[in-house]
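Beneath this line is the structure, given in structure tokens, with notes to follow.
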There are 2 protein chains.
Amino acid sequence: MPSPQNDTGRRSATMRDVATVAGVGLATVSRVVNGKPGVTPDLAERVTRAAELLGYRHDLTASSLRRADRRTHTLGLVLEDAANPFSAALHRAVEDAAADRGVLVLAASTDEDPVRERGLLKTFTARRVDGLIVVPTGQTDTEIDAACRGGTPVVCVDRPTTVPHVDTVTVDNRAGVRAAVKALQAGGHLRIAFLGDLPAIWTAEERYAGFVEGLAEEGCILHPSLVRRGLHGAEAAQEAARELLALPEPPTALVSGQNLLTVGIRRTLQELRLQYHVALVGFDDLPLADLLEPGVSVIAQDPVAIGREAAALLFDRLDGERGPARHRVLATRYLARGSGELGAAVDS
Amino acid sequence: MPSPQNDTGRRSATMRDVATVAGVGLATVSRVVNGKPGVTPDLAERVTRAAELLGYRHDLTASSLRRADRRTHTLGLVLEDAANPFSAALHRAVEDAAADRGVLVLAASTDEDPVRERGLLKTFTARRVDGLIVVPTGQTDTEIDAACRGGTPVVCVDRPTTVPHVDTVTVDNRAGVRAAVKALQAGGHLRIAFLGDLPAIWTAEERYAGFVEGLAEEGCILHPSLVRRGLHGAEAAQEAARELLALPEPPTALVSGQNLLTVGIRRTLQELRLQYHVALVGFDDLPLADLLEPGVSVIAQDPVAIGREAAALLFDRLDGERGPARHRVLATRYLARGSGELGAAVDS
DNA sequence: TTGAAAGCGTTACCAC
DNA sequence: GTGGTAACGCTTTCAA
């Protein structure tokens with residue numbers, strides 16, 4: 001007696017089975033299943049009925065293997081961390097753009113590990129995704145190049161790549177931080193600290209560069225003791241902020257180079273009840289940032305726009321665009337919510 | 001002159017090509033590519049070299065078509081909204097569990113639309129995903145059933161399903177809300193309002209049921225005018241909260257049935273400067289909720305544990321488990337952060 | 001309009 | 001060990 005259901009062992013019906021039962025040719029079944037015109041309603045009906053009877057399920061993997069365009073209607077999305085709100089928003093934007101074209105999204109996280117990224121790029125291309133949208137760690141150029149040469153178009157997002165002919169969508173990180181630093185200086189701040197992510201991450205470097213530029217343009221001093229780079233995750237930032245604020249001459253303003261770092265820094269500020277006394281500006285927006293008191297001022301990016309643009313560039317390539325690489329640079333927007341507008345405390 | 005690269009038109013090398021160049025049989029190439037033992041080092045070397053020379057890329061779609069187990073090493077994840085932090089955390093947990101087994105995740109969002117969900121389930125099974133993890137809208141039981149019968153194991157998450165033989169991972173929503181309501185009553189609250197999501201969503205119903213039960217167990221009155229259901233999204237909740245607080249006899253405590261609703265409600269409270277005067281408890285945690293002042297007390301779920309458990313159940317099925325459906329019910333945890341601990345204001 | 005047959009790139013089987 | 005060959009489920013071509 002066979003098991004009642006969920007019987008993985010039982011081979012499900014194929015087109016040939018349907019053809020046999022319906023008493024028609026295999027090609028006719030294919031035509032009906034794909035909704036192609038030019039099949040007599042009578043036959044179509046018989047095919048549909050037979051398919052239903054047998055519980056036929058179309059096999060898209062076999063289909064795309066044989067199809068002329070070889071499209072899998074699948075797209076690979078390589079993120080830093082799918083759980084990060086920035087990544088999640090980006091993912092959703094890409095998914096929506098893809099859904100409009102009947103394309104599904106394979107998403108995966110690298111956690112900034114080049115080894116993991118290389119593996120992902122390799123399996124994605126082996127699965128014959130139609131295209132790739134990648135937030136590159138920066139150490140995988142040869143793999144990205146290989147994908148391109150193999151015929152899988154790639155769009156890099158959030159960070160550029162040295163691989164030629166690859167479209168990119170980035171944000172003007174420098175300009176964003178520069179403007180924020182100037183605003184802080186206008187508020188009277190002389191001792192501004194910077195807390196940044198791992199220097200291996202391109203955006204972390206750019207944001208730091210923006211910080212340095214911003215200070216320089218106003219002829220201000222860069223205090224090396226007020227710079228903490230190489231911080232990854234909220235806890236690291238929390239600790240670093242504690243150290244900075246315990247200095248004999250602590251900073252009066254803090255600039256954070258990443259959303260998780262901002263969270264950690266703010267946590268320290270509230271621990272020390274300094275959230276109204278030390279200014280804070282973070283890069284990248286956070287949900288609920290506007291409801292904190294004072295609100296967290298941020299240099300906001302638009303992950304939805306980034307994702308939408310990346311998908312547009314990719315689909316454009318899939319539609320045959322052969323031109324040189326296009327590099328979209330999106331602007332940031334400063335959201336003044338209070339924490340960045342705190343003046344330099346004069347009281348010791 | 002052919003275009004320099006990214007030439008999608010140029011057919012990439014196949015195993016047969018590699019075999020020809022290496023001067024070996026097709027089967028040997030397959031063995032080398034799959035790392036099977038029993039190939040002379042010399043031949044293996046020749047194959048590897050030829051593959052490199054031709055820029056050969058293994059085609060996993062063709063591979064899984066021919067393979068005995070027919071596995072695609074792909075798993076479908078149907079979420080409500082990939083951008084929601086709960087979904088994002090769940091997604092990441094599933095991704096990690098899948099990655100341990102060399103499985104990739106196809107993720108998509110339904111936005112609570114049964115039509116969209118049906119479409120997704122259909123394409124996912126057509127793509128022959130090895131299994132499905134679904135947050136069901138609740139109107140797609142026949143489609144889920146079809147997937148199971150077709151041999152694609154399904155695990156429902158966050159919400160149950162009426163389909164037999166489907167494993168589920170849910171949370172004890174009722175108990176969570178019940179306990180929160182009791183705590184509010186212990187704090188002296190007599191007028192407690194409930195704001196809930198669309199009644200079509202199972203969790204929304206359960207949480208409301210928990211609210212009703214909690215009130216009843218203490219012999220308290222359920223004020224119909226203090227119940228607002230069918231709210232979807234932060235804006236709707238924000239508006240509903242405004243209305244509730246404008247009542248002649250406003251509530252002294254608010255219970256929110258969903259994370260986005262909690263955000264909207266809290267926004268209204270801060271608009272009206274009532275965040276210290278009207279208690280608030282939300283279902284599901286929010287990033288930064290602990291940094292608001294007062295902190296937002298929540299009935300927290302553990303999306304990572306839910307995702308991990310769902311993946312475990314699914315892979316168990318893929319490993320051949322044939323037993324009856326298993327229904328895991330995870331507990332919630334109340335996180336007291338302040339907003340739920342505000343006493344009932346005595347001043348009018 | 002319909003169907004037979006070839007073939008997509010791979011793995012499995014069986015002789016050598 | 002190795003290689004020829006059939007077959008996975010489907011689309012496409014071509015002749016009827």
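We name chains A, B, ... by the order of the sequence lines, and we start the count at 1 in each one.
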**Asked** Please, which pairs that meet side-chain hydrogen bond (donor to acceptor under 3.5 Å, both in side chains) have at least one residue in residues 120-129 of chain A, sequence neighbours excluded?
**Response**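 Non-adjacent pairs meeting side-chain hydrogen bond (donor to acceptor under 3.5 Å, both in side chains): A/Arg127-B/Thr74.
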**Request:** Please collect all side-chain hydrogen bond (donor to acceptor under 3.5 Å, both in side chains) contacts where either partner lies in residues 36-47 of chain A, sequence neighbours excluded, each pair once.
**Result:**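 Non-adjacent pairs meeting side-chain hydrogen bond (donor to acceptor under 3.5 Å, both in side chains): A/Glu45-A/Arg49.
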**Prompt:** What is the 5' to 3' range of DNA chain D, first to last nucleotide, that sits under 4.0 Å from any heavy atom of chain B?
**Reply:** D/dG1 to D/dG9
Check the interface with nucleotides 12-16 of chain C: list each N/O to N/O pair with the protein under 3.5 Å, or write none.
{"from": "C/dA12", "atom 1": "OP2", "to": "B/Lys36", "atom 2": "NZ", "distance (Å)": "3.1"}

Length of the line joining [X]:[atom1] and [N]:[atom2], which is rounded to integer Å:
X        : N      : atom1 : atom2 : answer
B/Leu65  : C/dT11 : CG    : C1'   : 10 Å
A/Arg128 : C/dG9  : CZ    : C1'   : 9 Å
B/Arg57  : C/dG9  : CZ    : C1'   : 13 Å

**Prompt:** For DNA chain C, whose closest nucleotide is more 5', that of A/Arg16 or that of A/Thr28?
**Reply:** A/Thr28
**Residues A/Asp59 and A/Thr61: side-chain donor-acceptor under 3.5 angstrom** =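 Their side chains do contain a donor-acceptor pair, which is all the 3.5 Å distance test asks for.
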**Message:** Checking A/Asp141 against A/Thr161: is there a side-chain donor and acceptor pair closer than 3.5 Å?
**Reply:** yes
**Prompt:** Excluding sequence neighbours, so at least two apart, what forms side-chain hydrogen bond (donor to acceptor under 3.5 Å, both in side chains) with B/Asp167?
**Reply:**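 Listed in chain order: B/Arg317, B/Arg326.
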**Request:** Quick one: do A/Asn34 and A/His58 satisfy side-chain contact (heavy atoms from CB on, under 4.5 Å)? Show the steps, please.
**Result:** CA-CA 9 Å; A/Asn34 289 292; A/His58 191 188; 3.8 Å; yes
**Request:** Using a strict 4.0 Å threshold on nitrogen-to-oxygen distance, state whether B/Arg101 and B/Asp319 make a salt bridge.
**Result:**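 Result for this pair is yes, salt bridge flagged.
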**Side-chain ion pair, A/Glu117 and A/Arg159, N-O less than 4.0 Å** = no
**Request:** Applying side-chain contact (heavy atoms from CB on, under 4.5 Å), run through B/Asp81 and B/Glu112 and close with a yes or a no.
**Result:** CA-CA 8 Å; B/Asp81 173 15; B/Glu112 297 295 347; over 6 Å; no
**Item:** Within residues 37-55 of chain B, residues whose heavy atoms come under 4.0 Å of DNA chain C
**Value:**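 Correct list: empty, so none.
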**Asked** What residue among B/Val94, B/Leu79, B/Leu90 forms side chain to side chain contact (heavy atoms under 4.5 Å, CB included) with B/Ile133?
**Response** B/Val94
**Request:** Remember a base hit wins even if backbone is also touched, and classify A/Val24 as base, sugar-phosphate or nothing at under 4.0 Å, heavy atoms.
**Result:**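 Sugar-phosphate: the residue A/Val24, judged by heavy atoms under 4.0 Å, touches backbone atoms but no base.
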**Request:** Give the C-alpha distance, both sets of side-chain angles, the deciding distance and a yes or no for side-chain contact (heavy atoms from CB on, under 4.5 Å) between A/Leu318 and A/Arg71.
**Result:** CA-CA 10 Å; A/Leu318 289 174; A/Arg71 289 279 162 88; 4.1 Å; yes
